[in-house]
Novice: 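A single structure is presented below for examination.
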Amino acid sequence: MQKDHYILITLWIIGTLVFIAFVWRKDLRKGILTMMIFQTFIWLFNMFLYQYGFESAPVRELPKAHEFPLTIDYFFHPLLFSLFYLYKRLKIVYLLVWVTVATAFDVIIEKYTDLLQFGKMTWYLDWLYLVGIYVIALICCNLFYKNNSLPQESWKSP
Amino acid sequence: MRIEYWIILFVYILTTALIFIIPKRKFRLAVVAFLFKQFITSIVGLVVVQWGLLEYPIRLFPTVSRGSFTYEFFAFPVSCAIFTVFYPNQRSIWVKLGYYFTFTTVLTIGEVLIEKYTELIKYIHWEWYTSWFTILITFWMTREFCRWFFKKEEIGRL
């Protein structure tokens, strides 16, 4: 096993512990929903990003099946977004600081491991990319939770 | 353009049109079903390709993912959202079983026809009944997830 595989396992362990400590205990349903919404958008946009060579992932979880980093983009970033949403303050500064942390995470992974390689991507493009996904996911989550009164009647059969 | 790309285009149009039959008051349920199904199928779809059980010779984003983006990311989750939204909650067990059977069988027949006559999907170590059972299980998992997700808000039985 390569060094990068140990890093992946470490990410999974840390991620799982953070998930249990900060997401599960706060609001599991909301945590899972926000993660899934973020996953949808990052999955969709990654398709274009990796198709056009902005980033690549030399070391991958399922090397024959995909070219993007599954753990980082499908577990870690959604988890970071979920933490952001569950503990959010309604200030734009908070979002920007949080995205900067997420970008720093990407940049460190890119620099010191083979889990992520920037092609045409730079740290500021990555930052803008993440801001974009955060804003879209945030709008969708807010829309979902704003209509909180709707499901009651939806459970009654028509 | 090859016939396969026309089929993909047709699937996108049909699936998008189907979204509009979802009643507005049940949209949150549809969203949760869609997201959860997408989460399962995206991951499992990649795993079965990694293990060489199936392949998708003609697909969107060919260099990024060897899974089927159209089916796993969009068409299948939407079909599951529709399944969950129109589930016959108040009817007898036989109607419910028939509902499961019909949805699963229709999707399996579609997949088998596409496998037989096009290059969109090729079974390697896979049979039609593997599809049938996996589709059935994912429908059931999604419904159970939705039941759990909306438990707090539940009035009638889902």
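Proteins come first, then strands; the chains are lettered A, B, ... in the order of their sequence lines, and each starts at number 1.
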Novice: For the residue pair P63(A) and Q50(B), what are the closest heavy atoms and their distance?
Specialist: N-OE1, 3.4 Å
Novice: Are Y12(B) and I82(B) linked, directly or through other ILVMFWY residues, by side chains that come within less than 4.5 angstrom of each other?
Specialist: yes
Novice: What distance do L62(A) atom CG and I43(B) atom CD1 have between them, rounded to the nearest 0.5 Å?
Specialist: 8.0 Å
Novice: Do other residues, nucleotides or ligands put more than 12 heavy atoms under 6.0 Å from the CH2 atom of W123(A)?
Specialist: no
Novice: Please flag which part of F27(B) lies under 4.5 Å from any non-hydrogen atom of chain A: side chain, backbone, both or neither.
Specialist: neither
Novice: What do the steps show when you test N46(A) against V64(B) for side-chain contact (heavy atoms from CB on, under 4.5 Å), and what is the final call?
Specialist: CA-CA 9 Å; N46(A) 266 357; V64(B) 187; over 6 Å; no
Novice: Pick one of side chain, backbone, both or neither for V47(B), based on which atoms fall under 4.5 Å of a heavy atom in chain A.
Specialist: both
Novice: Is there a path of hydrophobic side-chain contacts, each under 4.5 Å between heavy atoms, that joins W24(A) and L80(A)?
Specialist: yes
Novice: Near Y87(A) OH, under 6.0 Å, is it more than 12 heavy atoms from other residues, nucleotides or ligands?
Specialist: yes
Novice: Quick check on Q39(A) against chain B: is it the side chain, the backbone, both or neither that has a heavy atom closer than 4.5 Å?
Specialist: side chain
Novice: Are there more than 12 heavy atoms of other residues, nucleotides or ligands under 6.0 Å from atom OH of Y52(A)?
Specialist: no
Novice: Between atom CG of L28(A) and atom CZ of F149(B), what is the distance when rounded to the nearest 0.5 Å?
Specialist: 9.5 Å
Novice: Going only through I, L, V, M, F, W and Y residues with side-chain contacts under 4.5 Å, is there a path from L97(B) to Y87(B)?
Specialist: no
Novice: Based on non-hydrogen pairs under 4.5 Å, which of M35(A), E61(A), E67(A) is most in contact with chain B?
Specialist: E67(A)
Novice: What closest approach, in Å, do M36(A) and F39(B) show between heavy atoms, and which atom pair accounts for it?
Specialist: SD-CB, 4.4 Å
Novice: Could you look at F145(B) and say if it's the side chain, the backbone, both or neither that has a heavy atom under 4.5 Å from chain A?
Specialist: side chain
Novice: Hey, any chance I124(B) and W51(B) share a hydrophobic cluster, counting ILVMFWY side chains that come within less than 4.5 Å of each other, even indirectly?
Specialist: no
Novice: Which heavy-atom pair separates R66(B) from H66(A) by the least distance, and what is that distance?
Specialist: NH2-N, 4.5 Å
Novice: Is there a path of hydrophobic side-chain contacts, each under 4.5 Å between heavy atoms of I/L/V/M/F/W/Y residues, joining I72(A) to L128(A)?
Specialist: yes
Novice: If every non-hydrogen atom of F144(A) is compared with every non-hydrogen atom of R28(B), which pair is closest and at what distance?
Specialist: O-NE, 3.0 Å
Novice: Would the number of heavy atoms belonging to other residues, nucleotides or ligands and lying under 6.0 Å from NZ of K116(B) be above 12?
Specialist: no
Novice: Under a 4.5 Å heavy-atom cut-off, does chain B meet the side chain of F48(A), its backbone, both or neither?
Specialist: both
Novice: Can you measure from CZ (F68(A)) to CG (L46(B)) and round to the nearest 0.5 angstrom?
Specialist: 5.0 Å
Novice: Looking at T40(A) and Q38(B), what are the two nearest heavy atoms and their distance?
Specialist: OG1-OE1, 2.5 Å
Novice: Do the side chain of R29(A) and the main chain of W148(B) share a donor and acceptor less than 3.5 angstrom apart?
Specialist: yes
Novice: For I32(A), is it the side chain, the backbone, both, or neither that has a heavy atom closer than 4.5 Å to a heavy atom of chain B?
Specialist: side chain
Novice: Could you tell me which of S42(B), P88(B), G67(B) has the largest number of non-hydrogen atom pairs under 4.5 Å with chain A?
Specialist: S42(B)
Novice: Once the angle between the rings of F73(B) and W43(A) is folded into 0 to 90°, is it parallel (under 30°), tilted (30 to 60°) or perpendicular (over 60°)?
Specialist: parallel
Novice: Can you tell me which portion of P62(B) sits under 4.5 Å from chain A's heavy atoms? Options are side chain, backbone, both or neither.
Specialist: both
Novice: Please check if the number of heavy atoms outside Y99(B) that lie under 6.0 Å from its OH is greater than 12.
Specialist: yes
Novice: Using heavy-atom distances under 4.5 Å, tell me whether I37(A) contacts chain B through its side chain, its backbone, both, or neither.
Specialist: both
